[in-house]
Student: 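Take a look at this one; I'll ask things after.
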Amino acid sequence: HPEAGFAYRGLKLSITAAQIRVSQETAALTLEPLVVRGDGTRPLTPEEQSEYRALVGRLLWLATQSRPDLAFGTSKGSRSNQSATVANARELNAVVKQARESSHFTLVFKKTPKMVSEHSIVSFADSAFANVEGVKSQCGHLGGLTLDRSAVARSDFSAVIPLWWTSSTVRRVCRSTLACEGYAVSE
């Protein structure tokens, strides 16, 4: 089967008769950690702050296009965009390390003989209570298609083709884990 595809700003799309592959290996490998020194509470200098924002932007490109595994760390880093400290930069560097070490990560969409109408839409949501600075909570969503609902019921998520994902701060103040979970599902 001949392969077609293209690359755009570090996103590589490969198409064959059997599947579509989406990867951003090149973009992940070009990420460089921030060089920061000093106490974790030290605010970043204006130059460091500019580099921090640029790195958050590059990570957001990865996290929103093909790397759901980077969504939480990138979302957390973006919350400090205006007032980042050395500790925030070190946390963001951990996300860079993760991206580089797993740069081979590829989303694969396999061709199926079934019609789209035979697929089921599945959606997952989860949240954590007060796990973010300022006693805020984080929630994540993932949605996709599956032909095998029974596999999903058995917690076998390999049967799910991911189509969208997000990680963000819960916009409301939640007073319990149950409230956060309910809010995540309702979003």
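Throughout, residue positions are numbered sequentially from 1 according to the sequence presented.
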Student: Taking Thr64 for the side chain and Leu60 for the main chain, is one N or O donor matched with an acceptor at less than 3.5 Å?
Tutor: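 Side chain of Thr64 to backbone of Leu60, a donor-acceptor pair under 3.5 Å: yes, one is there.
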
Student: Check whether any side-chain N or O of Ser78 sits under 3.5 Å from a backbone N or O of Ser75 as a donor-acceptor pair, and report yes or no.
Tutor: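 Yes, Ser78 side chain to Ser75 backbone: donor-acceptor pair under 3.5 Å.
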
Student: Keeping Trp164 on the side-chain end and His141 on the backbone end, is there a donor-acceptor pair under 3.5 Å?
Tutor: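 Checked: no pair found.
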
Student: Are Trp61 and Gln24 packed together at the side-chain level, in the sense that at least one heavy-atom pair is separated by less than 4.5 angstrom?
Tutor: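 Yes, side chains in contact.
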
Student: Under a 4.5 Å cut-off applied to non-hydrogen side-chain atoms, are Thr41 and Thr85 in contact?
Tutor: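 The answer is no; the side chains never approach within 4.5 Å.
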
Student: Taking the side chain as every heavy atom from C-beta outward, state whether Leu142 and Ser123 have any pair of such atoms under 4.5 Å apart.
Tutor: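 No, every pair of side-chain atoms sits at 4.5 Å or beyond.
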
Student: Is the shortest side-chain heavy-atom distance between Phe105 and Arg67 below 4.5 Å?
Tutor: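 A side-chain contact exists here, since the closest heavy-atom pair is under 4.5 Å.
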
Student: With a 4.5 Å cut-off on side-chain heavy atoms, are Val36 and Glu48 touching?
Tutor: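 Yes; the side chains approach each other to less than 4.5 Å.
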
Student: For the residue pair Ala28 and Ala99, what are the closest heavy atoms and their distance?
Tutor: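 That closest heavy-atom pairing would be CB-O, 3.6 Å.
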
Student: With distance as the sole test, does Asn88 use its side chain to make a donor-acceptor pair with the main-chain N or O of Ser80 at under 3.5 Å?
Tutor: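 No; zero donor-acceptor contacts below 3.5 Å.
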
Student: For Pro162 and Leu107, which heavy atoms make the closest approach, and how far apart are they?
Tutor: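 Where Pro162 meets Leu107 most closely, the heavy atoms are CG-CD2, 4.0 Å.
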
Student: Apply ring-ring contact (aromatic ring centres under 6.0 Å, His included) to Phe109 and list each qualifying residue two or more places apart in sequence or on a separate chain.
Tutor: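 Phe109: no ring-ring contact (aromatic ring centres under 6.0 Å, His included) contacts found.
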
Student: Establish whether Trp165 and Leu62 are linked, either directly or via other cluster members, by ILVMFWY side-chain heavy-atom contacts under 4.5 Å.
Tutor: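 Different clusters.
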
Student: Taking NZ, NE, NH1 and NH2 as the nitrogens, is one of them in Glu25 or Lys12 under 4.0 Å from a carboxylate oxygen of the other?
Tutor: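 Here Glu25 does not pair with Lys12 in a salt bridge, since their nearest N and O are not under 4.0 Å apart.
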
Student: Does Asp39 reach the side chain of Val86, with side-chain heavy atoms less than 4.5 Å apart?
Tutor: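 Answer no - side chains too far apart.
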
Student: Give a yes or no on whether the backbone of Gly77 and the side-chain of Tyr52 come within a donor-acceptor separation of less than 3.5 Å.
Tutor: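 Side chain of Tyr52 to backbone of Gly77: a pair is present.
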
Student: Please round to the nearest 0.5 Å and tell me the distance separating atom CD of Gln49 and atom CG of Asn81.
Tutor: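 Separation between the atoms: 7.0 Å.
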
Student: Would you kindly confirm whether Val108 and Ile15 end up in one hydrophobic cluster when ILVMFWY residues are joined by side chain heavy atoms under 4.5 Å apart?
Tutor: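 As far as the 4.5 Å side-chain criterion goes, Ile15 and Val108 are not connected within one cluster.
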
Student: Between Thr74 and Leu70, is there a donor-acceptor pair closer than 3.5 Å when you use the side chain of the first and the backbone of the second?
Tutor: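 Yes: the side chain of Thr74 pairs with the backbone of Leu70.
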
Student: Would you kindly confirm whether Leu55 and Val35 end up in one hydrophobic cluster when ILVMFWY residues are joined by side chain heavy atoms under 4.5 Å apart?
Tutor: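 Not linked; separate clusters.
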
Student: Minimum heavy-atom separation for Gly144 to Val160, with atom names?
Tutor: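 Closest approach of Gly144 to Val160: CA-CG1, 4.3 Å.
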
Student: Between Arg100 and Leu31, is there a donor-acceptor pair closer than 3.5 Å when you use the side chain of the first and the backbone of the second?
Tutor: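 At least one qualifying donor-acceptor pair exists.
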
Student: For the residue pair Ser23 and Thr106, what are the closest heavy atoms and their distance?
Tutor: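 Smallest interatomic distance, heavy atoms only, reads CB-OG1, 3.6 Å.
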
Student: Within the structure provided, determine whether Leu59 and Val96 are in side-chain contact (heavy-atom separation under 4.5 Å).
Tutor: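 Yes - at least one pair of side-chain heavy atoms lies under 4.5 Å apart.
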
Student: Less than 4.5 Å apart, side chain to side chain, heavy atoms only: is that true for Gln19 and Lys111?
Tutor: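 Gln19 does not reach Lys111 side chain to side chain.
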
Student: Answer with yes or no whether the hydrophobic clustering places Val56 together with Leu44; edges join I, L, V, M, F, W, Y residues whose side-chain heavy atoms lie under 4.5 Å apart.
Tutor: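 Yes, Val56 and Leu44 fall within the same hydrophobic cluster.
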
Student: Should we say atom CZ of Arg149 is surrounded by more than 12 heavy atoms from elsewhere, each under 6.0 Å from it?
Tutor: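 For Arg149, atom CZ is not crowded (no more than 12 foreign heavy atoms under 6.0 Å).
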
Student: Using atom types as modelled and distance alone, determine if a side-chain donor or acceptor of Thr30 lies under 3.5 Å from a backbone N or O of Ala27.
Tutor: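 Judged by distance alone, yes, a pair lies under 3.5 Å.
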
Student: Can you tell me if Arg154 has over 12 outside heavy atoms packed within less than 6.0 Å of its CZ?
Tutor: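 Buried by this count: over 12 neighbours within 6.0 Å.
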
Student: Side chain to side chain contact (heavy atoms under 4.5 Å, CB included) for Ile161 and Thr146? Distances and angles first, verdict last.
Tutor: CA-CA 6 Å; Ile161 301 166; Thr146 186; over 6 Å; no

